[in-house]
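Data first, discussion second: the structure below is written as structure tokens.
Because only heavy atoms are used, hydrogens play no part in the values below, and waters and symmetry mates are left out as well, while side chains stay in. As the structure is a prediction and not an experimental result, all values here were calculated from the model.
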Amino acid sequence: MQTRFFAVAVSLALCSSAAIAQPALESDQDKTLYALGQAIGNNIGQFDLTEAELAVVAAGLGDAVLGRPSKVDLEAYLPRIQELVDSGD
């Protein structure tokens, strides 16, 4: 279970708000990054997020990836993330 939780946490940490946009896939790098987004999406698909929920997740991911201050106490919400993981089983 810890490995699964870690995989979900890493997947969420790698995503950003740019993943929601529909950029042109002009270069091989663009296509590779898009494929990364697809792989991450497959890992968090179990959450059945709405577009609005995904935007909130992306905001948190963007803040984490870009080193911005957190708007919540992450340690306090980790158990709730685990509840979401468990409810998807």
Side-chain angles (χ1 to χ4, degrees):
M1 181 59 70
Q2 284 289 13
T3 301
R4 185 173 178 191
F5 176 74
F6 180 74
V8 169
V10 168
S11 295
L12 290 173
L14 291 174
C15 218
S16 73
S17 59
I20 296 173
Q22 297 298 317
L25 304 179
E26 297 176 3
S27 70
D28 203 42
Q29 177 74 359
D30 291 342
K31 293 173 184 174
T32 301
L33 292 172
Y34 181 82
L36 174 62
Q38 289 283 294
I40 292 168
N42 288 339
N43 284 331
I44 64 171
Q46 68 183 340
F47 293 105
D48 293 322
L49 299 171
T50 66
E51 193 168 336
E53 291 168 333
L54 181 58
V56 174
V57 170
L61 276 55
D63 286 348
V65 170
L66 298 174
R68 293 184 221 150
S70 178
K71 293 178 176 70
V72 300
D73 177 0
L74 180 60
E75 292 298 318
Y77 281 89
L78 287 176
R80 291 186 180 207
I81 295 170
Q82 187 61 50
E83 289 171 13
L84 287 175
V85 171
D86 293 343
S87 70
D89 289 341

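S70 places no side-chain N or O within 3.5 Å of a backbone atom of D73 that could act as its donor or acceptor partner. Side-chain N or O atoms of N43 include none that pairs as donor or acceptor with a backbone N or O of I40 at under 3.5 Å.
Both L54 and L84 are assigned to one and the same hydrophobic cluster, defined by single-linkage of ILVMFWY side chains at heavy-atom distances under 4.5 Å.
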Report the C-alpha distance between N42 and Q38 in whole Å, list the side-chain angles of each, state the deciding distance to 0.1 Å, and finish with yes or no for side-chain hydrogen bond (donor to acceptor under 3.5 Å, both in side chains).
-> CA-CA 6 Å; N42 288 339; Q38 289 283 294; 5.7 Å; no

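The two atoms that bring L25 and K31 nearest to each other are O-CE, 3.5 Å, heavy atoms only. Closest non-hydrogen pair, D48 versus E53, comes out as O-OE1, 3.9 Å.
I81 CD1 to D86 CG: the interatomic distance, rounded to the nearest 0.5 Å, is 12.0 Å.
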